[in-house]
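Below is one structure; the comments refer to it alone.
Any value given below was found using the heavy atoms of this structure, including those in side chains, with hydrogens, waters and symmetry copies removed. Bear in mind that the values here come from a model prediction, so they are computed numbers and not experimental data.
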Amino acid sequence: MIEASVHNKIINGKVVLWHYVEDLSNAVEWYSNILGMKPTSNIDVAYFFNINENTKLAISNRFKVSESLPKSATLDLQSDDIFETHRILKEKGVQVEKIENPIFNYHEFYFSDLENNQIRVHGFVKE
């Protein structure tokens, strides 16, 4: 019990997913259009999108910060209806890969943004 409270003081459950791009303004427009979210705040090198009360997506112009930052971490978005999400992205003209079912009721597919960063979408299909 004591260990859990120590961890809660260190990790509060709030998460920022950093995604590095070359062309910040085009990336913000693309992510806004494709994900249907608008940025809620920004600083010079990043725009922030609220995914939920504890999670934000940060799209950052890595070249203003440092050349040594990674191009991208894996951005993995969860969907309540992976088949509908796949259909909507295809309708928007996004090149999506086919939906895979690697294990049990877990399904996933990938698509790429304007700079060819791969994004995974996953979901759990109720049987």
Pair V94, I34 - check side-chain contact (heavy atoms from CB on, under 4.5 Å), show working. CA-CA 8 Å; V94 177; I34 296 304; 3.3 Å; yes
L75 vs Y31 side-chain heavy atoms within contact, under 4.5 Å: yes
How about D80: does its CG atom have over 12 heavy atoms from other parts shown lying under 6.0 Å from it? no
Working to the nearest 0.5 Å, report the span between CG of D23 and CD1 of I59. 12.0 Å
To the nearest 0.5 angstrom, please state how far the CD atom of E100 sits from the CZ atom of R120. 12.5 Å
K90 atom NZ, over 12 foreign heavy atoms within 6.0 Å: no
Got more than 12 heavy atoms from elsewhere within 6.0 Å of OH, Y47? no
Could you tell me how the ring of F83 sits relative to the ring of H107: parallel (under 30°), tilted (30 to 60°) or perpendicular (over 60°)? perpendicular
Determine whether L77 and L35 satisfy the following criterion, side-chain contact (heavy atoms from CB on, under 4.5 Å), listing intermediate values before the conclusion. CA-CA 10 Å; L77 306 171; L35 299 179; 3.8 Å; yes
Could you walk me through whether H86 and F111 pass the side-chain contact (heavy atoms from CB on, under 4.5 Å) check? CA-CA 9 Å; H86 189 269; F111 67 97; over 6 Å; no
Does a sphere of radius 6.0 Å around CD in E91 hold more than 12 heavy atoms from other residues, nucleotides or ligands, not counting ones at 6.0 Å or beyond? yes
Drop me the distance from Q78's CD to H122's NE2, to the nearest 0.5 angstrom. 3.5 Å
What's the separation between atom NZ in K38 and atom CG in N33, rounded to the nearest 0.5 Å? 7.0 Å
Could you measure the distance from the CZ atom of F48 to the CG atom of L57? Nearest 0.5 Å is fine. 9.5 Å
In terms of ring plane angle, is the pair W18 and Y20 parallel, tilted or perpendicular, where the classes change at 30° and 60°? parallel
Check: P39 and F49 side chains under 4.5 Å, non-hydrogen atoms: yes
